[in-house]
A.B. asks: 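One structure coming up, written as structure tokens, with questions to follow.
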2 protein chains.
Amino acid sequence: MGMGRPRAFDADAALDQAMDVFWRHGYEGATIAQLTEAMNINPPSLYAAFGSKEGLLKAALDRYTEKRDAWMEKVLGASTAREVAERFLMEHADAQTDPANPPGCLLVQGGLACGTGSENVPFELAARRTRTEDQLHERFVRAKAERDLGESADPATLARYLSAVTSGMCVMASSGADRNALREIAAVSLKAFDEQAKG
Amino acid sequence: MGMGRPRAFDADAALDQAMDVFWRHGYEGATIAQLTEAMNINPPSLYAAFGSKEGLLKAALDRYTEKRDAWMEKVLGASTAREVAERFLMEHADAQTDPANPPGCLLVQGGLACGTGSENVPFELAARRTRTEDQLHERFVRAKAERDLGESADPATLARYLSAVTSGMCVMASSGADRNALREIAAVSLKAFDEQAKG
DNA sequence: AGATATCTGTAGTGTTCGCTACAGATGTGG
DNA sequence: CCACATCTGTAGCGAACACTACAGATATCT
């Protein structure tokens, strides 16, 4: 028995296009027509490969998370907690205003509040954001064990703070804030980090 | 000639209900059916009073801005820039987790990215957010003139930083962060403010 | 080559969306 | 009390939505 006709499009390349549409219009604002056009496929191919609009989002988020993990590895690889924070903030400022992508971040612009029936979407995005916060947290726990952070510095608070600031930068980016504006925010935030890290 | 049948519902009370729906589901996620049910009116009454779904949002935003201005007056009334920042941050932490409202803030949860045809909505929300930032800015300019801020402290940067942090707190609130979590973020941010304010 | 399994493109499906026509109700001004 | 202007509720409009039935195309496996 045969194995069937092979897929005629590259799933990862298609997901990159879908990511862009979700990012630019949000989950609910993105229509299947826009998605299929950007992905250069027809609806049946989309549904055969990803099951549903929400399934497509999850697949796109998985791919997004992959890329983000690779990026976070570089950030977390810094030798001090201070440099981790600095890289994290500055790289975010740049990434969120990179003209190659829509402004902000897919995990925020994708949708904070959704309509009835899509309640799962904001939840899914939040889970991915929490993942980043957890990665920072873990790194700061290590930093504290290495005496790289002060006695009373709380790794969870530091991680949450950085996560909040970068989320805020997403909102600013969607309002048209440019790279310099975000870098200024990052620089101020870094001072808070330093104060808090002394602990 | 007569003046016609008078409106049978209170427009402000109806707008409060509409605000809640837009806040909870976002602009695109909110349906006319949900809005009319919450407002306890029928579609023709909605359209006679507000023109369109987007017109209703703008009316709700106007009402939101009214309330917010009253609130900001209290915040900006503090005698020092430091206390302005503290009130601003802490009050935000409380307001965004007040069980009387959906989590976060209408100006953020309302929608950062929208579908084709609603591009105006994120723009409108951004304009209202900028208003708050401008109010802070103005207050910090005054603080600097009063030598309440350091020589090299930049009022614009401070205002933008606070605006970014509170926007970030909205994102955290929509992920389920509670009052204490947001207050921690506010406390850390306040340290950055202090450092920056020394200038 | 033939049988089989899966993909692809066309052309829709039913549902829900924002919005409105219409008729009756209810007020004001004369 | 009557003419008029505006609101209200019912009922439903066309359009756009997410999604799919179907037939033909294209690969694999024997």
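Side-chain atoms are counted along with the backbone in the values below, which use heavy atoms only and exclude waters and symmetry mates. Naming: A, B, ... by sequence-line order, numbering from 1 per chain.
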A.B. asks: So what does Pro6(B) touch, heavy atoms closer than 4.0 Å: a base, only the sugar-phosphate, or nothing?
C.D. replies: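 Touches sugar-phosphate only.
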A.B. asks: Can you tell me if the side-chain N/O atoms of Ser45(A) get under 4.0 Å from OP1 or OP2 in dT8(C)?
C.D. replies: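 Yes, Ser45(A) has a side-chain N/O under 4.0 Å of OP1/OP2 on dT8(C).
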A.B. asks: From dT20(C), dT20(D), dC29(D), pick the nucleotide closest to the side chain of Tyr47(A)?
C.D. replies: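 Side chain of Tyr47(A) sits closest to dT20(D).
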A.B. asks: Distances for protein N/O vs nucleotides 21-24 of chain C N/O pairs under 3.5 angstrom?
C.D. replies:
unit_1: dG24(C); atom_1: N2; unit_2: Arg5(B); atom_2: NH1; d: 3.4

A.B. asks: Taking the six-membered ring for Trp, are Tyr27(B) and Phe22(B) parallel (under 30°), tilted (30 to 60°) or perpendicular (over 60°)?
C.D. replies: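 Parallel: the ring planes of Tyr27(B) and Phe22(B) meet at under 30°.
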A.B. asks: From CZ of Phe9(B) over to P of dC7(D), roughly how many Å is that when rounded to an integer?
C.D. replies: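 That distance rounds to 9 Å.
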A.B. asks: Looking at dT10(C), dT8(C), dA11(D), which one has an atom nearest to any side-chain atom of Ala8(A)?
C.D. replies: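 Comparing dT10(C), dT8(C), dA11(D) against the side chain of Ala8(A), the answer is dT8(C).
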A.B. asks: Whole angstroms only, please: what is the CG-C1' distance between Asn42(B) and dG9(D)?
C.D. replies: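 Going from Asn42(B) (CG) to dG9(D) (C1'), I get 5 Å.
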A.B. asks: Does a side-chain heavy-atom distance below 4.5 Å link Asp194(B) with Lys198(B)?
C.D. replies: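 No, too far: nothing below the 4.5 Å cut-off.
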A.B. asks: Regarding Arg160(B) and Asp134(B), does a basic nitrogen lie under 4.0 Å from an acidic carboxylate oxygen?
C.D. replies: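 No, no charged N to carboxylate O under 4.0 Å.
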A.B. asks: What's Phe50(A) touching, base or sugar-phosphate or nothing? Going by heavy atoms closer than 4.0 Å.
C.D. replies: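 The answer is nothing, as Phe50(A) stays clear of every strand by at least 4.0 Å.
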A.B. asks: Does anything in residues 18-41 of chain A reach DNA chain D, meaning a heavy atom under 4.0 Å, and if so which residues?
C.D. replies: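 When residues 18-41 of chain A is checked for heavy atoms under 4.0 Å from DNA chain D, the hits, listed by number, are Ala30(A), Thr31(A), Ile32(A).
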A.B. asks: From the options dG9(C), dC7(C), dA11(C), select the nucleotide whose nearest atom is closest to the side chain of Arg7(A).
C.D. replies: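 For the Arg7(A) side chain, the nearest candidate turns out to be dC7(C).
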A.B. asks: Please tell me whether Glu54(A) and Asn120(A) have a donor and an acceptor in their side chains that are separated by less than 3.5 angstrom.
C.D. replies: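 Checked: Glu54(A)/Asn120(A) side chains pair up, N/O donor to acceptor below 3.5 Å.
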A.B. asks: Examine distances only and state if a side-chain atom of Thr166(B) and a backbone atom of Leu162(B) form a donor-acceptor pair shorter than 3.5 Å.
C.D. replies: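 Here the side-chain-to-backbone pair exists.
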A.B. asks: Quick one: sort the Tyr64(A) and Trp23(A) rings into parallel, tilted or perpendicular, breaks at 30° and 60°.
C.D. replies: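 Rings of Tyr64(A) and Trp23(A): perpendicular, as their planes differ by over 60°.
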